[in-house]
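Note: hydrogens, waters and symmetry copies are ignored here, and every other heavy atom, side chains too, is used.
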Amino acid sequence: MYAQEKIKPYNDAGEKGKQVEQMFDGIAHSYDRLNHMLSLGIDRRWRRKTIKALLPYAHNEILDIATGTGDFALLAARLLKPQRIVGADISEGMMQIARQKTLKAGLSDIISFKHEDCMALSFADGSFDAVTVAYGVRNYADLDRGLKEMLRVLRPGGHVAILELATPKSTPMKQLFWLYSHAVMPLVGKIVSKDKRAYAYLPQTMEAFPQGEIMKTIMERAGFSQVSFKRFTGGLSTMYIGKKK
């Protein structure tokens, strides 16, 4: 078991997946505003770079896991022009907002949303050309199992693109980020979302999540080949790309 799998949003009792679902249902109304506010809007740039990394590969049918309010799926639709995107998430509260945004963008004929458990996806083997995940894998109750599910639903030759928050390793960024993530984020999260615990949980999972070479090895062990990673903005976020043989 990886360290972040032991961290739960609210308490030590109960399944992590259920607590994550409860947390995201509760903060769905403020999630987009807080995301962009806490990242100073830089998260939009990270998302764009990750989506563009899939341009050289097949991407007619895409599965966006942990789709949340649909930002990654909407961006993929605009930049990659696929035939179909399925956004999957355990939080109906988040996907209600995603559906509204998709309808407003005129992309409902391309993007659909489905309630899914990322540990046991309902899709058949080899259903998608690409699988994307933005800021979701650190919430997995079982990282190995979640990665293997991504691999299973990919077609041979298909690619996965994972974007995940990370913690800077160099001074003084490391110290500054610790102060920001442990003091500012929970306070702002409490004021805006009314849920301080959710935004205390975030930095805990970021610090515990396997990063860089370690995550690359974990993805290779799950069955992905040609795994590479790229850090953004001094190590605040990392993109991982992998291929199914």
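- Here the side chain of Lys216 pairs no donor or acceptor atom with the backbone of Ser228 at under 3.5 angstrom.
- Side-chain contact of Glu207 with His182: a donor-acceptor pair under 3.5 Å is present, judged by distance alone.
- Under 4.0 Å is where a charged nitrogen must lie from a carboxylate oxygen, and between Asp43 and Arg47 at least one such pair does.
- Remark: Tyr201 pairs with Asn139 by the side-chain hydrogen bond (donor to acceptor under 3.5 Å, both in side chains) rule, at least two apart or across chains.
- Using a distance-only test at 3.5 Å, with no hydrogens or angles considered, no donor-acceptor pair links the side chain of Asn60 to the main chain of Pro82.
- Counting all heavy atoms, side chain and backbone alike, Gly87 lies closest to Met95 at O-SD, 4.1 Å.
- No side-chain donor-acceptor contact under 3.5 Å links Glu220 and Ser225.
- Electrostatic pairing of Asp71 and Lys101 counts as a salt bridge here, judged by a charged N lying under 4.0 Å from a carboxylate O.
- Between Arg155 and Glu61 there is a salt bridge, since at least one side-chain N of the basic residue sits less than 4.0 Å from a carboxylate O of the acidic one.
- Checking side-chain atoms of Asp25 against main-chain N and O of Gly93 turns up a donor-acceptor pair under 3.5 Å.
- Lys114 and Glu92 are not joined by a salt bridge, as no carboxylate oxygen comes within less than 4.0 angstrom of a charged side-chain nitrogen.
- In this structure a side-chain-to-backbone donor-acceptor pair under 3.5 Å is present from Asp89 to Gly68.
- Taking the ring centre of Tyr57 as origin, the terminal cationic atom of Lys243 falls outside the region bounded by 6.0 Å and 45° from the ring axis.
- A salt bridge between Glu149 and Arg152 is present, with a side-chain N of the basic residue lying under 4.0 Å from a carboxylate O of the acidic one.
- In this structure, Tyr140 contributes its side chain and Gly17 its backbone to no donor-acceptor pair below 3.5 Å.
- Qualifying side-chain contact (heavy atoms from CB on, under 4.5 Å) partners for Ala208, counting only residues two or more places apart in sequence or in other chains: Ala3, Gln4, Ile7.
- Under a hydrophobic clustering in which Ile, Leu, Val, Met, Phe, Trp and Tyr are joined whenever their side-chain heavy atoms come within less than 4.5 Å, directly or via other members, Tyr135 and Ile27 fall into the same cluster.
- Under the side-chain hydrogen bond (donor to acceptor under 3.5 Å, both in side chains) criterion, Asp109 pairs with no residue at all, not counting sequence neighbours.
- Judged by distance alone, with hydrogens and angles left aside, the side-chain atoms of His59 form a donor-acceptor pair with the main-chain N or O of Leu54 at under 3.5 Å.
- In this structure, Leu63 is not a member of the same hydrophobic cluster as Ile110, with clusters built from ILVMFWY side-chain heavy atoms closer than 4.5 Å.
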